[in-house]
*Asks:* 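Dropping a structure here in structure tokens format, bear with me for questions.
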Amino acid sequence: MPKSRIRKKADFTPPPAKQAQAIKLNSRAWVAPVMLAMFLIGLAWIVVFYVTDGSLPIDALDNWNIVVGFGFIAAGFGVSTQWK
């Protein structure tokens with residue numbers, strides 16, 4: 001009976017090393033300051049409304065001043081979606 005041939009396996013060669021590529025961060029510089037400004041304006045609007053018992057910032061809006069404050073905060077979250 002003939003002897004079977006033994007296959008020789010090739011030595012392990014690791015895959016070629018990938019070169020590091022510079023990642024371009026195209027973050028828009030205006031996004032973070034505008035976002036934080038909107039958050040702070042909204043917070044300040046609501047705090048001023050509560051501290052002055054509703055007479056400021058705009059007396060005619062009455063309790064809608066809270067909605068305006070939260071609107072600024074929501075706009076800050078909207079601006080934050082532009083951050084890359």
Side-chain angles (χ1 to χ4, degrees):
M1 185 164 206
K3 202 173 187 182
S4 63
R5 287 188 262 162
I6 298 173
R7 292 185 223 163
K8 185 176 180 184
K9 292 184 179 180
D11 292 334
F12 175 75
T13 55
K18 294 182 180 179
Q19 293 179 348
Q21 295 178 352
I23 299 173
K24 278 188 161 183
L25 296 177
N26 292 332
S27 181
R28 300 172 184 160
W30 60 270
V31 173
V34 171
M35 175 184 64
L36 292 175
M38 294 292 221
F39 288 155
L40 292 175
I41 290 169
L43 179 65
W45 194 289
I46 294 171
V47 168
V48 167
F49 174 72
Y50 276 115
V51 169
T52 61
D53 291 328
S55 62
L56 286 177
I58 300 176
D59 191 27
L61 289 179
D62 201 37
N63 285 334
W64 284 96
N65 280 306
I66 298 171
V67 175
V68 172
F70 278 114
F72 275 111
I73 293 171
F77 280 114
V79 169
S80 72
T81 63
Q82 299 299 314
W83 197 338
K84 289 186 178 183

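The shown structure was predicted, so the numbers you read here are calculated from the model rather than taken from an experiment. The basis for the numbers below is simple: all heavy atoms, side chains too, and nothing from hydrogens, waters or symmetry mates.
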*Asks:* Looking at W45, F77, F72, which one forms a ring-ring contact (aromatic ring centres under 6.0 Å, His included) with F39?
*Replies:*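 Result: among W45, F77, F72, F77 is the only option passing the ring-ring contact (aromatic ring centres under 6.0 Å, His included) with F39.
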
*Asks:* Using the side-chain contact (heavy atoms from CB on, under 4.5 Å) definition, which of the options V68, V67, I73 pairs with F70?
*Replies:*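 When V68, V67, I73 are each tested with F70, the side-chain contact (heavy atoms from CB on, under 4.5 Å) holds only for I73.
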
*Asks:* Determine, using the 4.5 Å side-chain heavy-atom cutoff (strictly less than), whether I41 and I58 are members of one ILVMFWY cluster.
*Replies:* yes

*Asks:* Do the side chains of L43 and V51 join up, straight or via other hydrophobic residues, at under 4.5 Å, putting them in one cluster?
*Replies:* yes

*Asks:* Indicate if V47 and M38 have the same hydrophobic cluster label, given that clusters are the connected sets of ILVMFWY residues with side-chain heavy-atom separations under 4.5 angstrom.
*Replies:*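 No, V47 and M38 fall in different hydrophobic clusters.
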
*Asks:* Applying the 4.5 Å side-chain criterion to the ILVMFWY set and letting contacts propagate, would V48 and L40 be lumped into a single cluster?
*Replies:*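 As far as the 4.5 Å side-chain criterion goes, L40 and V48 are not connected within one cluster.
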
*Asks:* Do you know which two heavy atoms are closest between T52 and S55, and how far apart they sit?
*Replies:*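 Reported closest heavy-atom pair: O-OG, 3.0 Å.
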
*Asks:* Taking all non-hydrogen atoms of both residues, which atom of M35 and which atom of S80 are closest, and how far apart?
*Replies:*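 Scanning both residues, the minimum pair turns out to be SD-CB, 3.2 Å.
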
